[in-house]
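Written below as structure tokens is the structure these notes are about.
The model shown is predicted, which means the values in this text are computed figures rather than measured ones.
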Amino acid sequence: MVNDGMQHPDLMQILPFFGYSGREVLVITADDKVYGVGMNSSGCLGLGDTNFHERPGEILSLSNKRVKGFACGGSVFLPSSRIFVLAYLHSGEIYQWGSVPHESSFILRPQQIGIDLEIKVKTVACGRSHCMILSEDGKVFTWGDNGRGQLGHSENQTLDDYSHAYGTNQPNRVKGIIEEKTVIDISCGGLFSVVLLDNGKVVTWGNNVCGELGFGGEGDYETSSYSSTVLPTEVSLLNDAIIGKIACGRSHVLALSKTGILYVWGDNYQCQLGQPTNHRRCGNPAELKTHLRFIDIGACFASDISVAQSEDKKVYMWGNVSPGKIISEPTDSNCSSVNHVFSLLTYPSIMIKPMKLRAQEPKPSAVLNSSINEFKNVLNEGI
């Protein structure tokens with residue numbers, strides 16, 4: 001083996017699990033090297049092939065480029081998952097690879113995305129088949145498939161199919177009512193988009209079959225309240241609530257007010273709204289029925305689980321937490337953070353944000369502990 005002289009890292013800067021059953025991992029080490037290891041569905045490790053990688057392989061096109069973070073999207077419910085990944089750099093550049101939306105074949109190595117306007121990226125988000133960028137100055141850009149209006153473009157588009165016909169492979173600015181506003185956070189559901197403005201208002205667009213846009217309606221699917229839209233529209237039913245955080249599940253939304261009240265709406269088929277399943281869906285934003293006040297929330301575009309951390313630091317979960325296990329009300333997860341729930345207990349196991357972890361710190365799970373030890377052993381041997 002060839003030893004590249006790399007120092008053995010004490011800090012795994014970012015270690016996201018993603019994909020079907022959390023079988024793919026990307027790692028940024030303290031010396032700014034980027035590695036992928038795992039099943040590699042759709043070439044989502046960015047290593048130039050679709051082969052299983054038992055040992056970490058270096059993603060040379062991203063090493064030493066100061067990657068700021070990752071996001072993943074796609075269809076992740078089968079072993080033959082179609083997954084894509086975004087990496088955004090401190091320089092503002094964005095790379096994508098895997099089963100990228102609106103591309104005819106897998107992209108097996110990170111490919112830079114061209115953006116006409118010079119923007120500095122604050123964060124990115126992904127859904128089942130679309131992506132969003134939030135710039136540092138509060139502008140939003142989207143690309144990917146647009147069959148349900150999830151890009152917020154194409155005002156003349158009809159929403160009678162889920163095809164690729166209206167998509168784009170280049171980021172375009174979302175305008176409408178948010179064009180002259182400052183957006184401070186973004187989140188992608190499966191086929192819809194949600195953004196948070198600096199005034200605490202929430203704006204949504206895209207698919208609304210389950211009431212995920214928050215425009216009203218409850219129960220029967222045959223109602224105009226569940227009409228999808230390509231136009232960014234304010235969730236006026238939140239009334240005077242000042243929202244501080246948003247999170248999207250596959251077909252539901254969590255919105256946390258600055259006073260700690262959690263509002264929920266959308267699909268409730270798996271009790272992800274914290275209500276019995278006879279309330280199958282709800283387009284009316286409603287307070288979660290609990291005495292708890294929360295400081296953090298989490299949901300994932302690929303799952304039907306809701307997670308929230310209370311003021312006393314306990315982390316609660318509800319919804320479809322694993323195959324065949326549904327929790328209808330907030331239940332203590334015994335995890336130390338919202339992100340840990342998604343890496344340890346949920347299905348599919350997709351971490352919703354990067355994790356920073358020092359090698360000498362306690363690990364959140366035996367799986368993570370084993371992964372880090374194996375990763376370090378390979379580096380010690382030389383790759």
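In summary, the side chains of Asn51 and Asn40 do not present any donor paired with an acceptor at a separation below 3.5 Å, with no hydrogens or angles considered. In summary, the side chains of Trp143 and Gln96 do present a donor paired with an acceptor at a separation below 3.5 Å, with no hydrogens or angles considered. Residues Thr29 and Asp31 have side chains that bring a donor and an acceptor to within less than 3.5 angstrom of each other. Between the side chains of Asn207 and Gln150, no donor-acceptor pair is found at a separation under 3.5 Å. Judged by distance alone, the side chains of Ser337 and Gln309 never bring a donor and an acceptor atom under 3.5 Å apart. Counting only N and O atoms by type, the side chains of Ser75 and Arg82 include no donor and acceptor under 3.5 Å apart. In this model, no donor atom of one side chain and acceptor atom of the other lie less than 3.5 Å apart for His153 and Thr168.
Other residues, nucleotides and ligands contribute only 12 or fewer heavy atoms inside 6.0 Å of the CD atom of Glu329.
Under the salt bridge (charged side-chain N to carboxylate O under 4.0 Å, His left out) criterion, Asp137 pairs with Lys139, not counting sequence neighbours. Under the salt bridge (charged side-chain N to carboxylate O under 4.0 Å, His left out) criterion, Glu136 pairs with Lys68, sequence neighbours left out. Applying the salt bridge (charged side-chain N to carboxylate O under 4.0 Å, His left out) test to Asp198 and every residue at least two apart in sequence or in another chain returns nothing.
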Run the side-chain contact (heavy atoms from CB on, under 4.5 Å) test on Phe342 and Val307 for me, step by step, so that the C-alpha distance in whole Å, both residues' side-chain angles and the decisive distance to 0.1 Å come before the verdict. CA-CA 9 Å; Phe342 286 90; Val307 182; 3.5 Å; yes

Going through the distances and angles, do Leu47 and His53 end up as a side-chain contact (heavy atoms from CB on, under 4.5 Å)? CA-CA 9 Å; Leu47 295 172; His53 285 261; 3.6 Å; yes

Would Glu287 and Leu262 satisfy side-chain contact (heavy atoms from CB on, under 4.5 Å), going step by step from the backbone distance to the final call? CA-CA 6 Å; Glu287 291 185 28; Leu262 181 56; over 6 Å; no

Between Ser328 and Trp318, is a side-chain contact (heavy atoms from CB on, under 4.5 Å) present by the stated rule, with each step listed? CA-CA 6 Å; Ser328 62; Trp318 59 98; over 6 Å; no

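A side-chain donor-acceptor contact under 3.5 Å links Ser63 to the backbone of Val34. At distances below 3.5 Å, at least one donor-acceptor pair connects side-chain atoms of Thr204 with backbone N or O atoms of Leu213.
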For residues 252-259, run the donor-acceptor check on the side chains, cut-off 3.5 Å, and write out each pair with its distance to 0.1 Å, sequence neighbours left out.
residue	atom	partner	partner atom	Å
His252	NE2	Ser306	OG	2.9
Ser257	OG	Thr259	N	3.3
Ser257	OG	Thr259	OG1	2.9
Ser257	OG	Gly260	N	3.4
Ser257	OG	Ile261	N	3.0
Ser257	OG	Ile261	O	3.3

Side-chain polar contacts of residues 85-95 - donor-acceptor pairs under 3.5 angstrom, sequence neighbours left out - could you list them?
residue	atom	partner	partner atom	Å
Glu93	OE1	Tyr95	OH	3.1
Tyr95	OH	Lys65	NZ	3.0

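Evaluation of the salt bridge (Lys or Arg N to Asp or Glu O under 4.0 Å) test over residues 229-246, restricted to residues two or more places apart or in two chains, returns Lys245-Asp296.
Taking OG from Ser129 and CG from Leu191, the interatomic distance works out to 5.5 Å, rounded to the nearest 0.5 Å.
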